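Below is one structure, written out as structure tokens, with a few remarks after it.
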2 protein chains.
Amino acid sequence: MKRLTLKDVARMAGVAPSTVSFVLNGKAKQMRIRDEVAQKIMSVVNQSGYEPHRVAVNLRTGQSKTLGLIVESISGSFFASLARTIETEAERLGYNVVYCSTENNAEKGGELIRMLGRQMVDGYLITPAPGMENEIRRLLQMHKPVVLMDSYFPGIKAPYVLIDNFHGVQLGMDHLFERGYRKIGYVTVDVSLIQLAERQRSYTQALKKKDIPFRKKRVLELNYHDSREQNLATLEAFIQENSDMDAIFFATNYLGILGLEAMGRLKISMPKQMAAVCFDDHDIFRLYPPGITVIEQPIEGIAAKAISLLMKQLDKQSGPLKESQVALPGRLIVRSST
Amino acid sequence: MKRLTLKDVARMAGVAPSTVSFVLNGKAKQMRIRDEVAQKIMSVVNQSGYEPHRVAVNLRTGQSKTLGLIVESISGSFFASLARTIETEAERLGYNVVYCSTENNAEKGGELIRMLGRQMVDGYLITPAPGMENEIRRLLQMHKPVVLMDSYFPGIKAPYVLIDNFHGVQLGMDHLFERGYRKIGYVTVDVSLIQLAERQRSYTQALKKKDIPFRKKRVLELNYHDSREQNLATLEAFIQENSDMDAIFFATNYLGILGLEAMGRLKISMPKQMAAVCFDDHDIFRLYPPGITVIEQPIEGIAAKAISLLMKQLDKQSGPLKESQVALPGRLIVRSST
DNA sequence: AATACTTACAAAATCGATTTAGCACAGGTG
DNA sequence: CACCTGTGCTAAATCGATTTTGTAAGTATT
């Protein structure tokens, strides 16, 4: 009934525990174990179904074979896809993943990192939220393997993987231009994330390239800490004040959903009265009539690349990681909102 | 730079490691440690910021202070709310949570349970999928603490917590009756989950109570393994064949979303031509015009109760758990689809 | 023939905690 | 004075692996 231990296996095979360990860890050659003995051990292991005790291994080696995945919100769809890919990818490499969400709360983020540290995860995959700078700096200082996803901090030189935000917005803007839209509004939010800045920069650049004058009135920056209702009201007012707009670009899917609701309330028909493009896809954009045109993030790609960067760090420092800042292209999905 | 160990603390306090351990684990009284010494130790611990090495504790005590949460799909909204509550609740009790999704795949579910077992989680919170019966039975046999959520297996006497499905459907049906609907269809899916059976039973019972004859034609059972497109087509056909229906009850939110799409395609306006009620809420039901009336699951309640049942099992068997099969009432949220 | 070097393992230390058994001293009892 | 009982702690065993060191037997070298 009790768990089979290495010692048991050793006794059954008539050898010392260390010998079994060597064989199981592929050091048979190195330790000059006879093939005969190694085979005997392997057969005992297979028959008995012995599996090493992870905790004991962890204690001895200091390797937990566990990765920590810290995301903003565990309910987001971004996380959902991310988690799936990361989990399967990690499993393939013999790693487990523990998830944590910061709920957009820097304090909680730091606490989580420390908690995971105590739990002894081998590496961190983080979608950084404002305020987590110091914790991440600390991780780098302690030479813990880290990869950031979706965003990064300009001052901190940690490897990261994200969508090419500039290019993504450009795709959307080009698409709008192609369809003949010119009076294009932009809705963003006042969170100091680099990717939001980048997206907005791309918006203004796109206008400039088309020689369309930038109009401050056309840009709405919502307040992150305001209530949903309040933001909805602000957004409605913005749309009404810009009644001559023919399209709106939403900087995040949260904003896009808000926009859907606002336009629904104002009985503005899409795309007749106003077109809409949103950065980052969402279930609802597929289903909501008439379907919203979006820039889709290459989430699987991001996850895969992030894991691979992390593994490179875990792999007995194989040099200081060149090409460690990666931006993957997004994809335009055209639906009926444009 | 290195980690502080118990031994270090002991040396700093001028006592033996065991003494420190006793004090830290609240066994000072029991072991007759003088208050003076205990206080000295505590002050050293606080000043040095010592924290016990979880892995070592785990190895010695066999307690990982970790719970395994296994859900169908990590992207579902049910999971999202569940995970949040469970995580905070667990943290409060000094436990960590690792998540896993079965992706509706029994084989993967079993594998996960075994993986978690190797990882040595102390207890399991599971939303069971068909085919996981044996793995769950095995857990019970090994006297592993388990609590099922959202569903259960009639043959297996494991504690579970779920919404009162019968009552929930009744709420929805009563609401439909109240609004004058009589020709009510029912859409379900052919997964052999007890909660689906229960919901359907409630539907037929509700009709009977109102002396409305049950008509087989009004019930559609979609095929789980069919593609989304195929099911959509089947559903459209069903709606067209039952053009005299005045309302549809969808048994799950997945089906409800499918229904939304079907009715969108058929240009059936809600609630004018046909009303809709769906079991289990979803973001989209709030946002999709005109808003779908739903039975909301008391997810937080389920999570809290499940944790508490699990803790009772972890608590040095405090008797064989009476009141271990809990059904919590759902709540009707009336929106404009009825 | 004595020394050195391989070979093929075994023994023991180690990771960082918990827990059981033990030990020295003080005070009380017969 | 011998014996027992508490007190207040320490020493050592333990959890289940990995890894370093040790060692006996056989072969090669001088």
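Since this is a predicted model, take the numbers as computed values, not measurements. Below, chains carry the letters A, B, ... as their sequence lines are ordered, and counting in each starts from 1.
The side chain to side chain contact (heavy atoms under 4.5 Å, CB included) search around B:Gln39 returns B:Asp35, not counting sequence neighbours. For B:Ser151, the side chain to side chain contact (heavy atoms under 4.5 Å, CB included) partners are B:Pro128, B:Leu193, B:Ile194, B:Gln195, not counting sequence neighbours. Partners of A:Arg32 according to the side-chain hydrogen bond (donor to acceptor under 3.5 Å, both in side chains) rule, which considers only residues two or more places apart in sequence or in another chain, do not exist here.
Using a 4.0 Å heavy-atom distance criterion, A:Ser21 is classed as a base contact. Within the nucleic acid shown, B:Lys7 has no heavy atom closer than 4.0 Å to any nucleic acid atom.
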Listing time: all N or O pairs from protein to nucleotides 4-10 of chain D that are below 3.5 Å?
| from | atom 1 | to | atom 2 | distance (Å) |
| --- | --- | --- | --- | --- |
| D:dC9 | OP1 | B:Arg34 | NE | 2.9 |
| D:dC9 | OP1 | B:Arg34 | NH2 | 2.6 |
| D:dC9 | OP2 | B:Arg34 | N | 2.4 |
| D:dT10 | OP1 | B:Ala16 | N | 3.4 |
| D:dT10 | OP2 | B:Ala16 | N | 3.0 |
| D:dT10 | OP2 | B:Thr19 | OG1 | 2.2 |

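For the pairing with A:Tyr95, the side-chain contact (heavy atoms from CB on, under 4.5 Å) check across A:Asp122, A:Val121, A:Ile86 returns one residue only, A:Asp122.
A salt bridge (charged side-chain N to carboxylate O under 4.0 Å, His left out) check over residues 8-20 of chain A, counting only residues at least two apart or in different chains, returns the pairs A:Asp8-A:Arg11.
Running 5' to 3' along DNA chain C, contacts with non-hydrogen atoms of chain B at under 4.0 Å begin and end at C:dG16 to C:dT20.
Put simply, CZ on B:Arg60 is 13 Å from P on D:dA13, counting in whole angstrom units.
Side-chain contact between A:Thr19 and A:Ile33 is present, with heavy atoms from C-beta onward closer than 4.5 Å.
Considering NE2 of A:His143 and CD of A:Gln141, their distance stands at 8.0 Å, rounded to 0.5 Å. Rounding to the nearest 0.5 Å gives a distance of 12.0 Å between CE of B:Met12 and CD1 of B:Ile41.
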